[in-house]
Undergrad: 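Have a look at this one.
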There are 2 protein chains.
Amino acid sequence: MNLTSAEENYLKGIYSLGVGRNGDISTNELAALLQTKPASVTDMLKKLAKKGMISYVKYQGVSVTTAGKKKALEITRRRKLWEVFLVEKLRLQWDELTELSDELEHVSSPLLMQRLDEYLGYPKFDPFGDPIPNELGEMSDHPRVPLLDLSFEQSGKIIGVNDNSSSFLKYLDKAGIFIGVKVLVLDKVDFDGSMELLIDNKRRQFISKEVASNILVMAY
Amino acid sequence: MNLTSAEENYLKGIYSLGVGRNGDISTNELAALLQTKPASVTDMLKKLAKKGMISYVKYQGVSVTTAGKKKALEITRRRKLWEVFLVEKLRLQWDELTELSDELEHVSSPLLMQRLDEYLGYPKFDPFGDPIPNELGEMSDHPRVPLLDLSFEQSGKIIGVNDNSSSFLKYLDKAGIFIGVKVLVLDKVDFDGSMELLIDNKRRQFISKEVASNILVMAY
DNA sequence: TATTTAATTTAGATATACCTAAAAATAAAC
DNA sequence: GTTTATTTTTAGGTATATCTAAATTAAATA
Ligand SMILES: [Mn+2]
Ligand SMILES: [Mn+2]
Ligand SMILES: [Mn+2]
Ligand SMILES: [Mn+2]
C-alpha cells in the first residue's frame with residue numbers, strides 16, 4: 001500500500017508517540033505533534049485506517065497495525081540514513097537537519113536507500129544517537145546514559161541527545177559538543193547539579209544540570 | 001516567489017522547450033512533454049503568469065520571463081547536482097536517474113545545494129554531459145561532437161548523450177559506454193554508417209549509425 | 001447521578017492539481 | 001473568403017489536505 005507524504009508524516013507520528021506506551025494515541029496529541037488541527041487529524045485517521053496502517057475506533061484513540069509499524073520503520077530508516085549523509089558527508093549541523101530530512105524521508109526508492117546505506121558504511125545509529133532500523137525494521141541498541149549520571153573523573157563518548165529542539169541543538173553546536181566527542185567529568189557541583197567537563201582532552205566547558213540530562217553518553 | 005513542485009515542473013518544461021527557439025511554446029506541446037492534458041496546462045499557465053514566471057497571452061503561447069528563467073536554471077542546477085551525486089557517489093546507472101532527480105530537484109535548500117556542490121568538487125557537467133548552471137545561472141560549455149563525426153582512427157572521450165530515453169540509456173549501460181570512457185574508431189562502414197570502436201583501449205564494440213549520432217564526445 | 005467541561009467528530013469551506021466535455025478562438029483547406 | 005479542422009480555453013467535477021464552526025460523545029466534577 002502506497003502512502004502520500006502527508007499520510008507518511010501522520011503514520012510516523014502515530015508510531016513514535018506509541019513506542020513504549022500501553023494505551024492508544026489521542027487525536028489532540030497527534031494534532032499538537034503535527035502542528036495541525038484535531039479535525040484534520042480525524043480526516044487522516046480515517047484514510048490511514050482504510051489503508052490498513054492503523055487501528056482506529058472513533059473516540060477511542062489510535063495505534064499502528066503490524067503493517068503500519070513496518071511502514072513507519074521504513075520511513076524512519078530513510079530519514080535517518082539521509083541524516084547520516086547530511087552530517088557525515090555534507091557536514092551539516094544538528095539543527096540544520098530536521099527541515100531537510102522531513103522532506104527527504106519521503107523520497108521512496110529501495111535502490112537509492114540500499115546504495116546510500118552502502119555508501120555510508122551501513123551506519124547503525126543516526127547523528128542523534130538513535131538506532132537506524134535495517135530493511136527488516138530491526139534495530140541495534142547500545143547502553144546510553146545521561147551525561148548527568150557520569151561521576152567525578154569518569155569519562156564517556158557522546159552518542160546522542162534527548163531533546164531535538166532547535167535551541168538545544170544550536171547551543172550544543174556552539175559549545176562544541178558533537179557526536180563522537182570524548183568528555184571527562186572535571187567537577188560535579190552538588191548544589192545545582194551543574195558540571196565542568198574536559199572536552200576532547202583539551203577544552204573545559206561548564207554545563208547546567210538541564211543540559212547534562214539531555215546529552216547521552218556511552219560510559220567507558 | 002515560491003513555487004510548488006508541480007509549478008516547478010511546468011516552468012522547467014516551458015524553459016527547456018524554449019531554449020534555442022524564436023517563437024513561443026504551445027499548450028499542446030507542454031501537455032505532451034508533461035504527460036498531462038491541455039486543460040491542465042491552461043490552468044497552470046494562469047498561475048505561473050500571476051506569479052511572474054512566464055509571459056502568457058491566451059491563445060498566443062507562452063515563454064519564460066527573466067525571473068522565470070532564473071528559477072528554471074535554479075531547479076535545473078539542483079537536479080543536475082543530485083544526478084552527479086547519484087552517479088559519482090552512489091554508482092547509479094544513467095537510466096536510474098530520471099525518476100529520482102524528478103523528485104530531488106524540488107528539495108529546495110540553498111545551504112544543502114552549496115554543500116553538495118562543494119562535496120562533489122564543483123562539477124561543471126552532469127552525467128549526460130550537459131552543463132550545470134552555477135548559482136547565478138551561468139553555464140560552462142565545451143565542444144561536443146556526435147561520435148558519428150569522428151573519423152577512422154580518431155579517438156575521443158565520451159561526455160554525453162543526445163537521447164535520454166530509458167531504452168537508449170539501458171543499451172549504453174549494457175554496452176559499457178559511460179561518461180569518461182575513451183573510444184577509438186577502428187572502422188567506419190560507408191554503407192550503413194555503423195562503426196566499430198575500441199573502448200577503453202581494450203574492448204571492441206559495434207554500434208549503429210543511430211547510436212553513434214546520439215553519443216557525444218570530446219575529440220582529442 | 002446530573003451537570004459541566006473537554007475531547008472528538010462532522011459539516012461545510014478553501015486551495016491545489018488534476019480530469020472530461022463543451023464552447024470559443026485560431027489556423028488550415030477548399 | 002467560407003468552411004472545416006485543430007488548438008485552446010472554460011465550465012464544472014474529483015481527490016487530497018487543510019481549515020473553522022457546530023454537533024456529538026466521553027470524561028470530570030459537583
Ligand atoms: Mn516528513
Ligand atoms: Mn520534478
Ligand atoms: Mn469533510
Ligand atoms: Mn475550473
Side-chain angles (χ1 to χ4, degrees), chain A residues 1-14 17-18 21-64 68 71-72 75 102-103 105-108, chain B residues 1-14 17-18 21-64 68 71-72 75 102-103 105-108:
Chain A
M1 185 58 74
N2 256 48
L3 303 184
T4 64
S5 289
E7 288 167 344
E8 286 191 345
N9 285 332
Y10 276 89
L11 183 59
K12 222 180 18 139
I14 296 162
L17 285 176
R21 168 200 306 210
N22 43 329
D24 281 1
I25 314 304
S26 79
T27 299
N28 275 0
E29 248 181 308
L30 256 176
L33 179 72
L34 300 174
Q35 313 226 73
T36 183
K37 303 292 166 187
S40 306
V41 172
T42 301
D43 279 354
M44 190 58 95
L45 294 183
K46 289 181 196 162
K47 291 207 298 168
L48 285 172
K50 192 149 56 177
K51 293 196 177 191
M53 296 289 127
I54 59 172
S55 300
Y56 167 59
V57 183
K58 63 162 139 164
Y59 293 107
Q60 302 305 301
V62 66
S63 62
V64 295
K71 196 67 161 188
I75 304 161
D102 266 343
E103 281 198 65
E105 67 187 349
H106 306 294
V107 178
S108 169
Chain B
M1 183 58 73
N2 255 47
L3 304 184
T4 65
S5 290
E7 288 168 342
E8 287 191 343
N9 285 333
Y10 275 87
L11 182 59
K12 221 180 19 139
I14 297 163
L17 285 177
R21 168 199 305 209
N22 44 328
D24 282 2
I25 314 304
S26 80
T27 301
N28 275 1
E29 248 180 309
L30 257 175
L33 180 71
L34 300 173
Q35 313 227 70
T36 183
K37 302 294 167 185
S40 306
V41 172
T42 301
D43 279 353
M44 191 57 96
L45 294 184
K46 289 181 196 162
K47 291 207 298 170
L48 285 172
K50 192 149 58 181
K51 293 196 176 191
M53 295 290 127
I54 59 172
S55 300
Y56 168 58
V57 183
K58 64 160 133 163
Y59 293 108
Q60 302 303 301
V62 66
S63 62
V64 296
K71 197 66 160 187
I75 303 160
D102 267 343
E103 280 198 65
E105 67 186 351
H106 306 294
V107 178
S108 170

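Protein chains get the first letters and strands the later ones, always in sequence-line order, with residue 1 at the start of each.
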Undergrad: With the side chain of K46(B) defined as its heavy atoms from C-beta on, choose the nearest nucleotide among dA26(D), dT10(D), dT10(C).
TA: dT10(D)
Undergrad: I want to check one thing: is the phosphate of dA21(D), taken as OP1 and OP2, less than 4.0 Å away from some side-chain N or O of K37(A)?
TA: no
Undergrad: Roughly how many Å is it from CG in D43(A) to P in dT16(D), rounded to a whole number?
TA: 11 Å
Undergrad: Rounded to whole angstroms, how far apart are OH on Y59(A) and C1' on dA28(D)?
TA: 17 Å
Undergrad: If you check every side-chain atom of T36(B), which of dA24(C), dA21(C), dC18(C) has the closest atom?
TA: dC18(C)
Undergrad: Examine dC18(C): is either OP1 or OP2 under 4.0 Å from a nitrogen or oxygen in the side chain of Y10(B)? Give yes or no.
TA: yes
Undergrad: Looking at side-chain heavy atoms only, is the closest gap between D24(B) and V57(B) below 4.5 Å?
TA: no
Undergrad: Without swapping roles, check the side chain of K71(A) against the backbone of E8(A) for a donor-acceptor pair under 3.5 Å.
TA: no
Undergrad: Can you measure Q60(A) atom CD to dA7(C) atom P for me and round it to whole angstrom units?
TA: 15 Å
Undergrad: Closest approach to the side chain of S26(A), judged atom by atom: which nucleotide of dT20(D), dT18(D), dT8(C) is it?
TA: dT8(C)
Undergrad: Quick check on dT8(D): is either OP1 or OP2 less than 4.0 Å from any side-chain nitrogen or oxygen of N28(B)?
TA: yes
Undergrad: Please say which of E7(A), K50(A), M53(A) ends up in a side-chain contact (heavy atoms from CB on, under 4.5 Å) with M1(A).
TA: M53(A)
Undergrad: Of all the choices, dC19(C), dT9(D), dT8(D), which nucleotide is nearest to the side chain of S40(B) once you look at every atom?
TA: dC19(C)
Undergrad: Output yes when a side-chain donor or acceptor of T42(A) lies under 3.5 Å from a complementary backbone atom of P38(A), and no otherwise.
TA: yes
Undergrad: I need the CG-C1' distance between N2(A) and dT16(D), as an integer number of Å.
TA: 15 Å
Undergrad: What nucleic acid atoms does A6(B) come within less than 4.0 Å of, heavy atoms only: base, sugar-phosphate, or nothing?
TA: sugar-phosphate
Undergrad: Atom NZ of K50(A) to atom P of dA15(D): distance rounded to whole Å?
TA: 10 Å
Undergrad: Would you mind telling me which residue lines up with the more 5' stretch of DNA chain C, K51(B) or P38(B), judged by nearest nucleotide?
TA: K51(B)
Undergrad: Using whole Å, what does the distance between atom P of nucleotide dT9(D) and atom CG of L30(B) come to?
TA: 11 Å
Undergrad: Would you classify T27(B) as touching base, sugar-phosphate or nothing, given that sugar-phosphate means primed atoms plus P, OP1 and OP2, and contacts are heavy atoms under 4.0 Å?
TA: sugar-phosphate
Undergrad: By nearest atom, which of the nucleotides dT26(C), dT10(D), dT10(C) is closest to the T42(B) side chain?
TA: dT10(D)
Undergrad: Expressed as a whole number of angstroms, how long is the span from L48(B):CG to dC18(C):P?
TA: 11 Å
Undergrad: Let me know, please, whether T4(A) or K58(A) comes out on the 5' side of the other along DNA chain D by nearest nucleotide.
TA: T4(A)
Undergrad: Just how far, in rounded Å, is C1' of dT7(D) from CD of E29(B)?
TA: 12 Å
Undergrad: Any carboxylate oxygen within less than 4.0 angstrom of a Lys/Arg side-chain nitrogen, looking at E105(A) and K12(A)?
TA: yes
